[in-house]
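Below is one structure, written out as structure tokens, with a few remarks after it.
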Amino acid sequence: MPDSERGLREFEGAIEQIAERARDTDRTDGDLRPDIEVLRRSGWLSACLSHKDGGKGWGSEPEGSLPALDALRVLGRANLSVARLFEGHMNAVKLIALYGDARQRELLAKDVANGALLGVWGADEPGSPVSCEQDANGVKLTGAKRFASGMGLVDQAIVTADTEHGPSMFLVPVDDEERADAGVWKMAGMRATRSGRYTLENLTLSSAARIGEEGNYLREPFFEGGIWRYCAAHLGGAEALYREMMTQLTKRDRTDNTEQRQRVVACAIALETSRLWLERCALEIEADGAAPRKVLLALLAREVTENACRETMELVDRALGMAAHEEGGMVERMSRDLSLFLCQAGPDAKRERAGRGLFSMGKLAEAI
């Protein structure tokens, strides 16, 4: 683990455990509980809390931004499905730190310190969007969420519900197996994330479950701006492919081949370019008082990262040939997971928003 990965060397053994299990968990009924337990024992779940709550501020405080970036990269190299769940946990902790009241933050700190895994479930089931209605008993939810990752693993999830003034956030216990349907997850990649449909129909919560005000969920630069986190996991997956390519070419004594060297150079440049963009995002978007316009940094960094990942996958495929397609092999599995993960979330819309922002600004990206 390179020295640039700030403060993570002590976790090298834990990350190796997750990487070693990745092949065995690559199925829709793959059990990630041992991997989440590794993160729990290693203090990664509580590291997302603020320092005053006993954490390290990973993703929740400015000084924890770069360590959070590196943690997501390292975990992405080991298993992208685990990285996906950890990023959701980090996102949930951040949202409550931003918009929760003192009592909610206190309860969150206690739950996470006791090992709770959190998630954020925002995507509505087509034709059944989640909405909320206040009644005498509290808040009643209706509808369902799709692509709800970590069912059976996540203890509580922030779910969004449509309102007249924008989405409201609620912290919801999601341990009811009868509401979960992982069978609808038919994707070739990210099989072990236990994603699927979770119904919230006729679920009543206390008013204290509401996080922040209507519309807070979409506030910038933290909504779209926060995509730097899952981009860090994407980058980690591509870095793992690069490392495996180097290892296999060295074993085959192909390091003196000119074309292979050119591929290695192209990958190295693409990956480092992505890392530098994401570092800038993490520092500037998570800084105290960051302006909403900083969201444009994340939108551009997402483009850089997707391009770097896709270029790396293509070059690794060319470099290794048929060996890259061995079913269940590290390269085949990681490429399959990364290809799907890069589809998150609405990339065309994000690209369009980035273009509009650049025209509006009319300056070089360094001026963002």
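When reading the values below, keep in mind they use all heavy atoms of this one structure, side chains included, and skip hydrogens, waters and symmetry mates. Being a predicted model, the structure only gives us computed values, none of them experimental.
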Quiz item: Got a sec, which pairs hit side chain to side chain donor-acceptor pair (under 3.5 Å) with one end in residues 283-296, sequence neighbours left out?
Solution: Lys94-Glu286, Trp228-Glu286, Arg280-Glu284, Glu284-Lys294

Quiz prompt | Qualifying side chain to side chain donor-acceptor pair (under 3.5 Å) pairs, either residue in residues 103-122, two or more places apart | solution = Asp111-Gln156

Quiz item: Would the number of heavy atoms belonging to other residues, nucleotides or ligands and lying under 6.0 Å from CD of Glu177 be above 12?
Solution: no

Quiz item: Is the number of heavy atoms from other residues, nucleotides or ligands within 6.0 Å of CD (Glu63) greater than 12?
Solution: yes

Quiz item: Are Asp256 and Arg261 ion-paired here, with the side-chain N under 4.0 Å from a carboxylate O?
Solution: yes

Practice problem: Would you indicate whether Asp253, at its atom CG, is surrounded by more than 12 heavy atoms from other residues, nucleotides or ligands within a distance under 6.0 Å? | Solution: no

Exercise. Decide whether Arg21 and Asn79 meet the rule of one side-chain donor and one side-chain acceptor closer than 3.5 Å.
Key: no

Quiz prompt | Ionic contact status for Arg275 with Glu279, cut-off 4.0 Å | solution = yes

Quiz item: Does any non-hydrogen side-chain atom of Leu66 lie less than 4.5 Å from one of Leu69?
Solution: yes

Quiz item: Looking only at heavy atoms, which two atoms of Val172 and Leu205 are closest? And how far apart?
Solution: CG2-CD1, 3.7 Å

Quiz item: In the single-linkage hydrophobic clustering (I, L, V, M, F, W, Y; side-chain heavy atoms under 4.5 Å), do Val184 and Met151 co-cluster?
Solution: no

Quiz item: Which atom pair, heavy atoms only, marks the closest approach of Leu118 to Ala92?
Solution: CB-CB, 3.7 Å

Exercise. Identify, with sequence neighbours excluded, every residue that meets side chain to side chain contact (heavy atoms under 4.5 Å, CB included) alongside Glu37.
Key: Arg40, Arg41

Exercise. May I ask you to test the Ile36-Arg33 pair for a side-chain heavy-atom distance under 4.5 Å?
Key: no

Quiz item: What are the two closest heavy atoms between Ser195 and Ser149, and how far apart are they?
Solution: OG-OG, 2.9 Å

Practice problem: Indicate yes or no: does Arg73 engage Asp70 in a salt bridge with an N to O separation below 4.0 Å. | Solution: yes

Quiz prompt | Ring geometry between Tyr230 and His234 (parallel below 30°, tilted from 30 to 60°, perpendicular above 60°) | solution = tilted

Quiz item: Which class fits the ring pair Trp44 and Phe86: parallel under 30°, tilted 30 to 60°, perpendicular over 60°?
Solution: tilted

Quiz item: With distance as the sole test, does Asn216 use its side chain to make a donor-acceptor pair with the main-chain N or O of Glu213 at under 3.5 Å?
Solution: yes

Exercise. Please examine the side chains of Arg310 and Leu338, heavy atoms only from C-beta on, and report whether any two atoms are closer than 4.5 Å.
Key: no

Quiz item: Is it true that Glu303 and Arg351 have a side-chain N and a carboxylate O under 4.0 angstrom from each other?
Solution: yes

Exercise. Decide yes or no for Arg146 and Glu125: does some side-chain heavy atom of the first lie under 4.5 Å from some side-chain heavy atom of the second?
Key: yes

